[in-house]
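Proteins get letters first, then strands, A, B, ... in listed order; numbering begins at 1 in each.
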Number of protein chains: 2
Amino acid sequence: MATPWLDGRELRAWIRLRGVLELLPGVLDSQLRRDADLTEFEYYVLAMLSEAPSGTLRMSELGRQTNATLPRLSHVVSRLESRGLLERRPCPEDRRATNAGLTEAGWRKVREAAPGHVVTVREHVLDALTDEQVDQLAAITDALLARLDPTGSMAATYTRYDGVPDAPTGSTAPPTGG
Amino acid sequence: MATPWLDGRELRAWIRLRGVLELLPGVLDSQLRRDADLTEFEYYVLAMLSEAPSGTLRMSELGRQTNATLPRLSHVVSRLESRGLLERRPCPEDRRATNAGLTEAGWRKVREAAPGHVVTVREHVLDALTDEQVDQLAAITDALLARLDPTGSMAATYTRYDGVPDAPTGSTAPPTGG
DNA sequence: GCAGCAAAGTTGTCGCTACAACTATTCCGA
DNA sequence: TCGGAATAGTTGTAGCGACAACTTTGCTGC
C-alpha cells in the first residue's frame with residue numbers, strides 16, 4: 001500500500017496543468033466581464049442556446065452542454081432572465097421540465113460578445129500551440145474527460161472525434177443567426 | 001477585422017479543455033474535503049510549505065508557488081491559522097513581509113492528506129494518459145503558462161524543463177519530513 | 001534626508017458556486 | 001391503478017474568491 005508518489009516527469013506535467021487550471025479561468029472571465037459584462041459561464045449558457053434550434057434548450061440539456069449542475073444553472077439562468085437575456089417557459093411535453101430560450105437582447109449580447117472571446121481564446125491558448133499540439137491537446141483532454149465524467153452525463157460538448165468533423169457545437173463558433 | 005472563428009480541430013481541443021477546466025477542480029476539491037477537510041487550494045498551501053526549508057515561506061513567495069493573488073492567500077492563511085495548521089510571524093529582515101510556517105498539526109495534516117490526493121491525481125489524470133501524452137501535456141501546459149503568466153510572477157512551480165530534473169517542487173511529491 | 005513611488009500584506013464587501021432540502025411530475029411494476 | 005422510485009427543477013445557506021481600498025515599510029533620486 002505504498003503511496004505512488006509522482007516522479008519528475010509526472011510532477012512537471014501535473015504542476016503545470018494545475019497552474020493552467022488556476023490561471024486560465026480568471027483570464028477568460030475578466031475579458032468577458034470587462035467587454036460584455038458576462039461571466040465566462042454566463043457566456044457559454046448564451047452561446048449554447050445560440051446554437052440550439054430556436055435558441056431554446058431544456059435546462060438539463062443546457063446543463064450537460066455547459067458541464068454544470070442543475071442548481072448552479074438554475075441560479076445563473078435566473079440572473080440572466082432578470083437581465084432580460086433569456087426566458088424560461090414550461091415545457092409542454094414534460095411538465096417537470098423547463099425550457100430556456102434566448103430573447104432578442106440575448107441574441108444581440110451573444111453576437112456582440114463572441115468575437116472578443118474568440119480572440120482571447122486564440123491569444124491565450126491556441127496561438128501558443130503548434131498544430132500538432134492542438135491535436136495532442138484534444139486527445140489528452142478527451143482521455144481526461146472520460147475519467148472525469150465516465151457516464152458521459154456531461155458529454156454533449158466533447159463528442160468523440162472519429163474523423164468526422166463535429167457539428168459546430170462550440171462556444172467559439174460563430175453564433176448561428178436567429 | 002473578420003473574427004477568426006475556430007475550425008473543427010481547434011474547437012474540439014478548446015471545448016474539451018474547457019470541460020476539464022470545469023470538472024477537474026471539483027473532483028480534486030471534493031476528495032480532499034471529504035478525506036482531509038481541506039480545499040485543494042488549502043492543501044497546496046500546506047504542501048508548498050512542507051517542501052520549503054523549515055516549513056516556512058514568505059507570503060508573496062507562497063503566493064507565487066500556488067498561483068494565487070496575495071489577497072486570496074491572505075484570507076486562506078487566516079483560516080488555516082485559526083485552525084492551528086500554520087502560524088504567521090513577521091519577517092525580521094523585511095518588516096513589510098510576513099512568514100507563514102507549518103505547525104506540528106500542519107505537518108501532520110499534510111502528511112495525512114498527501115497519499116489520498118496523489119491517488120486521486122493518478123486516477124483522474126495521469127493514469128488516463130500514455131507516457132508520451134504526459135510529456136506532451138507538460139510541453140503544452142508550459143506553452144500555455146508562458147501566455148497566461150508572461151512575467152513569470154507565478155512561475156515558481158513551472159520552471160522550464162531543460163533536461164535537468166526539477167527539484168521536487170510538487171504538491172504531490174512526498175512531504176519532506178519536518 | 002526627505003519626497004515620491006513601489007512592494008508586501010490586510011481587510012471589507014459583493015457575487016458566485018456547492019450542498020442540502022424540497023416540490024412537482026413521470027415512469028414502472030404488480 | 002396505485003405506490004414507490006426516479007427525474008427535473010427550484011430555493012436557501014454557507015463559504016470561498018475577486019476586487020478595491022488601505023496601511024506600512026522599503027527604495028531611489030536629488
### Summary
Taken to the nearest whole Å, CG/A/Leu80 to P/C/dG15 is 15 Å
### Query
Who pairs with B/Thr120 by side-chain hydrogen bond (donor to acceptor under 3.5 Å, both in side chains), at least two apart in sequence or on another chain?
B/Gln31
### Query
When the distance from NE2 of B/His75 to P of C/dT10 is rounded to whole Å, what number comes out?
10 Å
### Message
So A/Thr98, base contact, sugar-phosphate only, or nothing? Heavy-atom distance under 4.0 Å.
### Response
sugar-phosphate
### Query
For residues 31-40 of chain B, which residues have at least one heavy atom under 4.0 Å from DNA chain D?
none
### Interface limits on DNA chain D, where chain A has a heavy atom under 4.0 Å of a nucleotide atom
D/dT7 to D/dG12
### Query
Do B/Leu38 and B/Leu85 have side-chain heavy atoms sitting under 4.5 Å apart?
yes
### Task
For B/Phe41 and C/dT17, give me the distance from atom CZ to atom P, rounded to whole Å.
19 Å
## Note on the structure
Sorted by chain and residue number, the side-chain contact (heavy atoms from CB on, under 4.5 Å) partners of A/Thr56 (sequence neighbours excluded) come out as A/Ser54, A/Asn99
#### Entry: salt bridge (Lys or Arg N to Asp or Glu O under 4.0 Å): pairs with one or both residues in residues 127-139 of chain B, sequence neighbours excluded
A/Arg9-B/Asp135
### Task
Using the closest heavy atom to pick a nucleotide of DNA chain D for each, name whichever of A/Glu22 or A/Arg88 lands nearer the 5' end.
A/Arg88
### For B/Arg147, all residues meeting side-chain hydrogen bond (donor to acceptor under 3.5 Å, both in side chains), sequence neighbours excluded
none
### Message
Among residues at least two apart in sequence or on other chains, which ones pass side-chain contact (heavy atoms from CB on, under 4.5 Å) with A/Ser78?
### Response
A/Arg88
#### Entry: Test salt bridge (charged side-chain N to carboxylate O under 4.0 Å, His left out) applied to B/Arg79 - qualifying residues, sequence neighbours left out
none
### Query
Taking only residues two or more places apart in sequence, or in another chain, which ones meet B/Ala97 in a side-chain contact (heavy atoms from CB on, under 4.5 Å)?
B/Arg58, B/Cys91, B/Asp94
### Message
Under 4.5 Å between side-chain heavy atoms, counting indirect links through other Ile/Leu/Val/Met/Phe/Trp/Tyr residues: same cluster for B/Leu23 and B/Trp14 or not?
### Response
yes
### Task
For B/Glu87, check side-chain contact (heavy atoms from CB on, under 4.5 Å) against everything at least two apart and list the hits.
B/Arg89, B/Thr103
### Query
Between the two end axes of the helix from C/dG1-D/dC30 to C/dA30-D/dT1, each built from 5 base pairs, what angle do you get to the nearest 10°?
30°
### Task
Let me know the distance between OH of A/Tyr43 and P of C/dC16, rounded to the nearest Å.
19 Å
Hey, what are the protein-to-nucleotides 21-27 of chain C N/O distances that come in under 3.5 Å?
from, atom 1, to, atom 2, distance (Å)
C/dT26, OP1, A/Arg95, N, 2.9

### Message
Taking A/Glu22 first and then B/Arg72, would you say they form a salt bridge - that is, a charged N and a carboxylate O separated by under 4.0 Å?
### Response
yes
